[in-house]
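Notes follow once the structure below has been shown.
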Amino acid sequence: MATFKRKLKVSKTDAYVLNVSGWLASEAITLFTVTPQNSLLSIGATSIDGGDLKFLATGVTTGAEELHFEYSTATRNDCYVATLNVIDDC
């Protein structure tokens, strides 16, 4: 499990990317979801750009949020867990 380097501030929105191109081989991702497990942040728009799973997140309250990613191609699917730290706003 990895942790995103850039932290998210409470009440702010920022963009993040999870790169899964090493898993893809020659296929294209057709669908992905990202789900926070503790409601410390909310997920906004998501998009797929090759092997990059992009999403917007807005901080709700401080703490270490565990994000569950699920993604699939036409023939395979996989999942990944990452942490995004939410900190107080300035």
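With a 6.0 Å radius and a threshold of 12 heavy atoms from other residues, nucleotides or ligands, E70 has its CD atom at or below the threshold.
Between T58 and K12, the closest side-chain pair of non-hydrogen atoms is not below 4.5 Å. Counting heavy atoms from C-beta outward, Y71 and L31 have side chains that stay 4.5 Å or more apart. Residues F55 and L67 are in side-chain contact: their nearest non-hydrogen atoms beyond the backbone lie under 4.5 Å apart. With contacts defined as side-chain heavy-atom distances shorter than 4.5 Å, the pair L18/D52 does not qualify.
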Does the pair V20 and L53 meet the rule for a side chain to side chain contact (heavy atoms under 4.5 Å, CB included), with working shown?
CA-CA 7 Å; V20 296; L53 307 179; 4.2 Å; yes

Pair N85-T3, side chain to side chain contact (heavy atoms under 4.5 Å, CB included): steps then yes or no
CA-CA 8 Å; N85 290 307; T3 299; 3.5 Å; yes

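Of the N and O atoms on the side chains of T83 and E65, not one donor lies less than 3.5 Å from an acceptor on the other residue.
Between atom OG1 of residue T13 and atom CG of residue L56 there is a gap of 7.0 Å, rounded to the nearest 0.5 Å. Here the OG1 atom belonging to T75 is positioned 3.0 Å from the CD atom belonging to E27, to the nearest 0.5 angstrom. Distance CG/L84 to CD/E66: 12.0 Å, rounded to 0.5 Å.
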Please tabulate, for the side chains in residues 33-50, all donor-acceptor contacts under 3.5 angstrom to protein atoms that are two or more places apart in sequence or on a different chain.
from: Q37; atom 1: NE2; to: T35; atom 2: O; distance (Å): 3.1
from: D49; atom 1: OD2; to: K54; atom 2: NZ; distance (Å): 3.2

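With sequence neighbours left out, A82 forms a side chain to side chain contact (heavy atoms under 4.5 Å, CB included) with F4, F69, Y80. Residues satisfying the salt bridge (Lys or Arg N to Asp or Glu O under 4.0 Å) test with K7, not counting sequence neighbours, are none.
Scanning all heavy atoms of the two residues, the minimum distance from G59 to V86 falls at CA-CG1, 4.0 Å.
Here the side chain of R76 pairs a donor or acceptor atom with the backbone of L24 at under 3.5 angstrom. Checked by atom type and distance alone, the side chain of T30 pairs as donor or acceptor with a backbone atom of S72 at under 3.5 Å.
Note on D88 versus K9: no salt bridge recorded, every NZ/NE/NH1/NH2 to OD/OE distance being 4.0 Å or above.
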